[in-house]
Amino acid sequence: MSGDIGNRLSCAVVLSLAYIHLRWFGFRRTLYVARKVTGWRVHESTIDSLRVANALVRAVEEVAVVFPGRALCLEQSLTLFTMLRWAGIPANLRMGAVALPFTAHAWVEVGGEPINAEVEFLSAFQVFPELPE
């Protein structure tokens, strides 16, 4: 239980920072900072990594519901991306769009699989190339 509270508090702080940084500095700079402050540390256990990743997905979703402001897919995915990388789980931030009607979406992948969006939902999106590290 205390781990859940710690996850939620950490996610709330990171979500707030991502929200502010996006507005002040834009997406590219925010992603750069998120990558630099987290680095890459690979977890030993994939079972533990999956458990941690699922707990972080839930924590980000719970925090986003009560976040005072707009915390939709981009802010949530940046937060999840940052938290996963801090936990040592290699994650990729992905984005895509649908042309008509125009819709864009951001999500996080671990091991090439989306963890905060359904594969069926994402199948409609043209996925953008990943931004270089």
Members sharing [X]'s hydrophobic cluster (side chains within less than 4.5 Å):
X	value
F125	V98, W107, F121, L122, V127
L72	none
V13	L17

Flag yes if L15 and L22 sit in one hydrophobic cluster, no otherwise; membership is Ile, Leu, Val, Met, Phe, Trp, Tyr, and two members link when side-chain heavy atoms are under 4.5 Å apart.
no
Pairs involving [range], ordered by first then second residue, that meet salt bridge (charged side-chain N to carboxylate O under 4.0 Å, His left out) (sequence neighbours left out):
range	value
residues 14-31	R23-E75
residues 93-107	R94-E109, R94-E130
residues 116-129	none

I'd like a table of donor-acceptor pairs (distance under 3.5 Å, sequence neighbours excluded) in which one partner is a side-chain atom from residues 52-69, with atom names and distances.
| from | atom 1 | to | atom 2 | distance (Å) |
| --- | --- | --- | --- | --- |
| N54 | ND2 | L50 | O | 3.3 |
| R58 | NH1 | N54 | O | 3.4 |
| E62 | OE1 | R8 | NE | 2.5 |

Within a radius of less than 6.0 Å around OH of Y32, do more than 12 heavy atoms belonging to other residues, nucleotides or ligands occur?
no
If you look at every heavy atom in [X] and [Y], which pair is closest and at what distance?
X	Y	answer
V37	W86	O-NE1, 3.5 Å
A104	C73	O-SG, 4.5 Å
T79	A18	OG1-CB, 4.2 Å

Does T82 have any side-chain hydrogen bond (donor to acceptor under 3.5 Å, both in side chains) partners at least two apart in sequence or in another chain, and if so, which?
none
For H21, give me all partners under side-chain hydrogen bond (donor to acceptor under 3.5 Å, both in side chains), at least two apart in sequence or on another chain.
T30
Residue pairs fulfilling side chain to side chain donor-acceptor pair (under 3.5 Å) with at least one residue in residues 10-20, sequence neighbours excluded
none
Dump the intermediate steps for side chain to side chain contact (heavy atoms under 4.5 Å, CB included) on L93 and R35, then the final yes or no.
CA-CA 10 Å; L93 181 67; R35 285 175 170 164; over 6 Å; no
Could you pull out all residues at least two apart from F27 that satisfy ring-ring contact (aromatic ring centres under 6.0 Å, His included)?
none
Rounded to the nearest 0.5 Å, how far apart are OG of S77 and CG of N92?
12.0 Å
